[in-house]
Structures are given as C-alpha cells and as structure tokens.
Undergrad: 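Once you've had a glance at the structure underneath, I'll fire off some questions.
Counting starts at 1 for both ligands and their atoms, in listed order.
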Amino acid sequence: NVDAHVVYVPVSARHFLVMALLYDITELKEIERMQMDFVGNVSHELKTPITAITGFTETLLQGAMDDKQTREEFLKIVYQESLKLGELVEDILSLARIDSKPQLNLTSLKIYEFIEDILTTFQPELEKKAIKVALQIPVTAEVNVDKNKLRHVVNNLIQNGIKYNQAGGQLWINVQISQKDWNLSIKDNGYGIAKDEQERIFERFYRVDTSRSRQNGGTGLGLAVVQEYVKAMSGTIKVRSQVGVGSTFTVTFPLELKDDLG
Ligand code: ADP
C-alpha cells in the first residue's frame with residue numbers, strides 16, 4: 001500500500017517515492033507503447049505473406065498455371081511466403097510456451113555441416129544484398145545440442161546480420177571449442193547498436209530505431225526467443241556492438257549438456 005508508506009517517510013524520501021512512482025508509470029506507458037507497436041508489426045508481418053499467397057494462388061487458378069515458367073516462379077514465391085508465415089507463428093507460439101519447463105532433444109552433430117546447411121537456405125538473401133560470409137569452424141568438431149533450438153538461434157542471428165547490414169556487407173561466423181564449453185559468434189559490419197540499447201534488444205517486442213526496423217520487417221520477438229532457447233540449453237548470449245561499425249553476437253554452451261534439467 002503506497003499511501004501508507006508516504007505518511008511515514010520524511011520529505012526527501014517521499015519525493016524519491018513519488019519519483020519512483022512516476023518512473024513506474026513511464027515504464028508502464030513504455031510497455032503499453034511497445035505492445036501496441038507489436039500488434040501493428042505482427043499484423044503487418046502476417047498480412048504481407050498472406051496477401052502474397054492469396055494473390056499468387058488466385059492468379060495461378062485464373063489461368064497463369066498453364067505457363068510452366070510462370071507456374072514455377074509463382075509457386076516459389078508462395079512457398080517462401082508460407083515459410084515466413086510459419087516462422088512467425090512459430091516465434092509467437094514459442095514465446096507463449098517458453099515459461100513452461102524447457103524440453104531438450106539432444107543429438108551430437110557436426111557443427112560445420114550444420115552451419116553450411118543453414119547458409120544454403122540464406123543464399124538468395126545473401127546474393128540479393130551481395131553479402132559475403134567468412135567461416136572459421138573446425139571441420140570435424142561435434143557438439144551435443146538440441147538441433148531445432150540451435151537452428152532457430154543461428155537462423156535468427158544470421159537473419160539479423162543480413163537485415164541490419166548494408167548491401168555489400170560481410171558476415172563472419174566463428175566456432176571455438178574449448179575445454180568445458182564451445183561458442184559460436186556471428187559478426188557483421190552493419191548498422192551496429194548503441195550501448196544503451198544493447199541490453200534492451202533481448203526484451204520481447206523491443207526494436208531499435210523503429211523507422212529503419214519497420215522498413216526491414218520483423219516483430220521484435222526474434223532475440224527474445226533466441227535468448228530463451230539459449231538459456232534452455234544452459235548457454236549464454238552476449239552482444240558487442242558499435243554504431244556504424246557492426247555487431248557480434250556470441251552464444252556459449254557447455255560441452256556436456258544434459259537433458260534432465262530438473
Ligand atoms: P526484429 O528483427 O524482429 O526487430 P529482434 O528481436 O531480432 O527483432 O531484434 C531486435 C532489434 O535489435 C531489431 O529491431 C534491431 O533494431 C536490433 N538488432 C538485432 N540484431 C542486430 C544486428 N545484427 N545489427 C544491428 N541491430 C540489430
């Protein structure tokens with residue numbers, strides 16, 4: 001009960017309390033604003049692929065199907081857009097599910113091949129923005145991970161490294177194995193993130209510089225899900241970044257991962 005407190009504290013402390021209350025309200029307003037932005041972003045992100053899928057299938061059904069080249073071209077777009085839609089829905093569901101006990105499905109995998117496979121799926125985007133990728137990964141190294149969760153983490157970090165980069169930029173993907181743990185870092189020479197934003201980007205819905213982010217598409221959920229998945233695998237995530245220079249995201253996991261997290 002706040003009023004009861006105010007009665008018993010000296011003036012200076014009371015002043016502090018009022019400030020604290022105001023601060024709370026500002027923070028609430030900020031959360032409210034972020035949630036409204038989120039609804040706007042999600043609606044936009046959902047509508048864009050749905051519009052494309054509906055439009056292209058409609059055109060196909062109206063006769064465009066007869067031409068093989070058009071058919072292939074349109075179906076590719078429909079496929080890409082449904083993948084995007086699937087990922088977005090998956091992110092929203094993951095966040096809804098996340099607070100319950102994380103389930104791990106551990107397998108041993110060759111990290112080099114795993115990353116190469118993921119990069120293949122990014123080839124069109126990388127080519128479109130003329131972004132080069134340099135890999136430094138021990139070719140034979142195997143790590144014990146939850147494959148789907150790790151794929152989600154790497155996908156998101158690479159996606160951001162492309163999205164928040166200029167055309168002609170570069171990505172560096174490094175894996176290092178040490179005694180007790182291993183880490184993977186994804187570095188870009190893109191826009192970079194200001195110091196005071198660096199811890200906030202992992203919050204749900206949070207996006208830096210709304211106008212540029214909006215242009216790029218996204219919901220502000222990506223890194224929140226990434227952080228939860230990393231935690232579920234007993235790992236940590238760190239960011240180092242400088243505006244105008246670029247960002248490095250590093251995830252570190254124990255080598256001996258157990259699936260009974262208690
Ligand atoms: P989204 O990309 O959907 O906005 P994320 O949670 O993945 O959501 O990222 C949150 C915000 O962090 C982004 O809006 C962007 O402003 C910033 N960000 C993330 N990754 C990078 C990066 N590699 N370089 C610069 N900014 C980034």
Undergrad: Heavy-atom contacts under 4.0 Å between L157 and ligand 1: side chain, backbone, both, or neither?
TA: neither
Undergrad: Compare V226, N160, N189, T248 and give the one whose heavy atom is closest to atom 19 (C) of ligand 1.
TA: N160
Undergrad: Are any of the heavy atoms in K163 under 4.0 Å away from ligand 1?
TA: yes
Undergrad: Looking at ligand 1, would G190 count as a contact under a 4.0 Å heavy-atom criterion?
TA: no
Undergrad: Y206: heavy atom below 4.0 Å from ligand 1, yes or no?
TA: yes
Undergrad: Within the 3.5 Å criterion, strictly below it, is a donor on Q136 or Q176 matched to an acceptor on the partner's side chain?
TA: no
Undergrad: For the pair K129 (side chain) and G169 (backbone), establish whether a donor and an acceptor sit closer than 3.5 Å, ignoring hydrogens and angles.
TA: no
Undergrad: Is the closest heavy atom of F202 to ligand 1 under 4.0 Å?
TA: no
Undergrad: Under 4.0 Å between a Lys/Arg side-chain N and an Asp/Glu carboxylate O for E72 and K68?
TA: yes
Undergrad: By number and element, which atoms of ligand 1 are closer than 4.0 Å to a non-hydrogen atom of L223?
TA: 5 (P), 6 (O), 7 (O), 9 (O), 19 (C)
Undergrad: My understanding is that only residues two or more places apart in sequence, or in another chain, count here; which of them pass ring-ring contact (aromatic ring centres under 6.0 Å, His included) with W172?
TA: none
Undergrad: In the hydrophobic clustering (ILVMFWY, side-chain contacts below 4.5 Å, transitive), which residues join L83, or is it alone?
TA: Y79
Undergrad: Geometry only, no angles: is D188 polar-contacting ligand 1 at N/O separations under 3.5 Å?
TA: yes
Undergrad: Got an N/O contact under 3.5 Å between Y164 and ligand 1?
TA: yes
Undergrad: Under a 3.5 Å distance rule, please check whether D146 uses its side chain to pair with a backbone N or O of L104 as donor and acceptor.
TA: no
Undergrad: Ligand 1 and V208, any nitrogen or oxygen pair closer than 3.5 angstrom?
TA: yes
Undergrad: Between E203 and R200, is there a side-chain N and carboxylate O pair less than 4.0 Å apart?
TA: yes
Undergrad: Where does the angle between the aromatic ring planes of F253 and W182 fall among parallel (under 30°), tilted (30 to 60°) and perpendicular (over 60°)?
TA: tilted
Undergrad: Which one holds for I193 and ligand 1: side chain close, backbone close, both close, or neither close, with close meaning a heavy atom under 4.0 Å?
TA: side chain
Undergrad: Distance under 4.0 Å to a non-hydrogen atom of G220: what atoms of ligand 1 satisfy this?
TA: 1 (P), 3 (O), 4 (O), 6 (O), 8 (O)
